[in-house]
Novice: 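Following this message is one structure expressed as structure tokens.
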Amino acid sequence: MAANAKLSDVFTHIDAERENFLRRLIDYVRHPSISAHNIGIKEVAGLLIEMLGRLGFETHLVPTKGHPMVVGRWLKAEGAPTVLLYGHYDVQPPDPLDLWISPPFEPTIRDGRLFARGVADNKGQHLAQILAIESLLKIHGRLPCNVILLLEGEEEIGSPHIADFVREHRDLLKADLAVTADGPMHPSGRPTMKLGSRGVISFEMRVRHANRDVHSGNFGGVVPNPLWTLVHLLGTMKNDRGEITIDGFNDAVLAPTSEELEAADRLPLDLDEVKRSLGLSRLDAPLERDYYERLCFRPTLTINGLHGGYGGPGSKTVLPHEAVAKCDVRLVAAQDTADILQKIKAHVNKHAPEVSVVSEGTGMQPSKTPITSKHMAPIRRAFVAAQGVEPLVYPAGFGSLPGYAFTDILGINAFVTPYGNHDEANHAPNENLKIDCFFNGIRTGAALLDELGRAG
Ligand SMILES: [Zn+2]
């Protein structure tokens with residue numbers, strides 16, 4: 001371990017507080033905070049304000065059109081950089097309840113893991129950051145760099161207000177970089193850092209021809225079939241070589257740099273194991289494209305479901321009158337959700353004007369931080385100091401997080417440094433956090449602030 005003397009005192013303190021810190025995690029996740037159902041949000045936001053106030057942070061509970069943002073600031077490290085630590089205090093609904101081995105809001109330890117809704121996504125991960133701050137303050141009386149904690153209450157419902165909030169509170173959030181501890185690490189347990197995320201937008205394509213379902217013999221060949229209309233339309237949107245053929249769809253896609261491609265190439269991959277575990281005989285087209293290149297640098301168009309007509313047992317010779325295709329697009333830098341949705345609408349209007357495109361919400365923009373960022377080195381060193389191993393560097397995360405609020409609105413570099421185990425079962429029954437991951441997270445959080453302060 002490369003930990004310096006100042007940091008090793010903090011690590012010793014974290015070890016000594018093991019029982020206390022674990023108890024506090026248990027207390028924290030016992031409180032439900034389900035944004036989708038507006039359960040417990042106010043209470044948990046209040047708990048956080050109290051927790052940060054006790055650490056000497058200046059606290060702000062900022063209302064939005066939805067659930068409030070919790071902001072805590074400690075800005076007494078003159079001349080040192082300011083890091084914005086982002087997390088979210090809301091959790092997914094726990095359903096289906098009968099698949100939980102222990103109840104979702106009665107935290108239970110089994111096999112070195114704590115099981116509870118929200119323990120990994122994201123309460124355990126941002127509590128680790130907070131306990132790291134507490135430990136640094138306890139041992140050294142001050143923090144090595146300035147810290148702004150931003151905890152959102154609507155991440156699990158798509159962060160609908162974070163962009164407006166960040167735009168309206170730039171002064172409150174003035175920082176040099178943003179770091180988010182969320183999501184799982186690599187399955188090998190190697191720590192992981194991600195330099196951005198793909199965006200997402202969901203939409204439906206709906207079509208209705210007749211005013212009711214009809215007999216496929218009496219009317220077949222006369223009444224148009226909405227499912228065929230959608231199938232033909234979908235066929236114009238992506239070809240069998242895996243290319244998305246919506247007009248202009250790929251125009252804004254940034255080609256990866258050679259450094260980004262090399263980083264993607266260094267990520268461990270056991271393709272046979274991936275195929276075996278998923279029961280696949282092949283990957284999606286185009287076959288020659290590298291695995292991580294697909295996930296980091298390429299947008300997708302996914303048909304989530306195609307619905308209409310009869311799906312029950314046996315046959316039913318019906319000609320349905322309406323159909324719907326539910327789809328999503330994962331966007332990469334520098335695609336824009338509004339622009340892509342507009343292009344989809346224009347494409348549909350050209351190829352199948354009877355079909356309407358409906359999209360609720362605004363989706364989430366992609367985000368990207370350059371792999372040449374000067375903050376890379378201190379973050380890597382923090383992982384080495386805290387966990388004794390170099391992190392894997394993902395040029396982009398595959399899923400969607402609101403990092404664009406930092407990269408595109410605040411104009412700062414944003415990093416995702418997950419502390420969760422790869423099998424954390426986030427969004428699923430029996431969500432869990434390995435207790436060792438929690439403590440590695442606290443150590444890493446402390447080392448991160450130490451290294452950022454040192455880097456100046
Ligand atoms: Zn989540």
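Because the structure is predicted, anything quoted here is derived from the model rather than measured. Note: hydrogens, waters and symmetry copies are ignored here, and every other heavy atom, side chains too, is used. When a ligand or atom number is given, it counts from 1 through the structure's own listing order.
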Novice: Have a look around the Zn ion (ligand 1) and list protein N/O/S atoms under 2.8 Å, or say none.
Specialist: Asp121 OD2, Glu156 OE1, Glu156 OE2, His427 NE2
Novice: Considering only NZ, NE, NH1 and NH2 on the basic side and carboxylate oxygens on the acidic side, decide whether Asp450 and Arg454 come within less than 4.0 Å.
Specialist: yes
Novice: What residues form a side-chain hydrogen bond (donor to acceptor under 3.5 Å, both in side chains) with His37, not counting sequence neighbours?
Specialist: none
Novice: Looking at residues at least two apart in the chain, or sitting in another chain, which of them share a side-chain contact (heavy atoms from CB on, under 4.5 Å) with Ala36?
Specialist: Pro93, Ile157
Novice: How about Ser35 and Asp90: does a side-chain donor come under 3.5 Å of a side-chain acceptor?
Specialist: yes
Novice: In plain terms, say whether Glu19 and Arg23 are close enough for a salt bridge, that is, a side-chain N and a carboxylate O under 4.0 Å apart.
Specialist: no
Novice: Under the side-chain hydrogen bond (donor to acceptor under 3.5 Å, both in side chains) test, which residues partner Glu322, sequence neighbours left out?
Specialist: Arg208
